[in-house]
Asks: 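Quick one: structure below, then a few questions.
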Amino acid sequence: MLSQKITNQALSGTLYLWATAYVLSPVFGWQLGSASMVAAFGALPVVVKVSLKAIMALPFTYHSFNGVRHLIWDLGLRLSNPAAI
C-alpha cells in the first residue's frame with residue numbers, strides 16, 4: 001500500500017513540475033517545446049536514453065498493475081486471506 005502511494009506521489013509530482021515549467025517557460029525564455037525536447041533527448045547517449053526511459057516507465061507500470069489488482073479485489077475475485085498475503 002505504501003509503495004503505491006509513493007509511486008502515485010512521484011508520478012503526480014513529476015507531472016505537476018513538468019506542467020508548471022511548461023506553462024512558465026515563455027516567461028523565463030526556456031525552450032520546452034516538442035522540437036527542442038526531441039533534439040535534446042536525441043543528443044543523449046544510448047545508455048542514458050534507456051536509463052531515463054526505465055526510470056519513467058517502471059513507477060508507472062508498477063502503479064498501474066497495483067491499480068488492476070485493487071480493481072480485481074473490489075470485484076471480490078481472488079479475495080481471501082492467503083491470496084492477499
Asks: How about NZ on K49, more than 12 heavy atoms from neighbouring residues, nucleotides or ligands closer than 6.0 Å, or not?
Replies: yes
Asks: To the nearest 0.5 Å, what is the distance between CD1 (I6) and OH (Y62)?
Replies: 8.5 Å
Asks: Looking at Q31, is its backbone amide N or carbonyl O close enough to the side chain of S25 to form a donor-acceptor pair, meaning the two atoms are under 3.5 Å apart?
Replies: no
Asks: With rounding to the nearest 0.5 Å, note down the distance linking CG in L75 to NE2 in H70.
Replies: 13.0 Å
Asks: Determine the interplanar angle of the F28 and W30 rings, folded into 0 to 90°, and report it as parallel if under 30°, tilted if 30 to 60°, perpendicular if over 60°.
Replies: parallel
Asks: Treating Ile, Leu, Val, Met, Phe, Trp and Tyr as nodes and any side-chain heavy-atom pair under 4.5 angstrom as an edge, say whether W18 and L15 lie in one connected cluster.
Replies: no
Asks: Taking C-beta and beyond as the side chain, do V48 and P45 meet within less than 4.5 Å on heavy atoms?
Replies: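 Yes, close enough: below the 4.5 Å cut-off.
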Asks: Taking a hydrophobic cluster as the set of Ile, Leu, Val, Met, Phe, Trp and Tyr residues connected by side-chain heavy atoms closer than 4.5 Å, whether directly or through intermediates, do M37 and L44 fall within one such cluster?
Replies: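 As far as the 4.5 Å side-chain criterion goes, L44 and M37 are not connected within one cluster.
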Asks: Rounded to the nearest 0.5 Å, how far apart are CH2 of W73 and CG of N66?
Replies: 8.5 Å
Asks: For atom OH of Y22, is the number of surrounding heavy atoms from other residues, nucleotides or ligands below 6.0 Å larger than 12?
Replies: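 Result for OH/Y22: open.
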Asks: To check you understand the geometry: which heavy-atom pair defines the closest contact between A54 and P59, and what is its length?
Replies: O-CD, 4.3 Å
Asks: CD/Q9 to OG1/T14 distance, rounded to the nearest 0.5 angstrom?
Replies: 10.5 Å
Asks: Would you say M56 ends up clustered with F41 if hydrophobic residues are merged whenever their side chains have heavy atoms under 4.5 Å apart, either directly or through other cluster members?
Replies: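 Cluster IDs for F41 and M56 differ.
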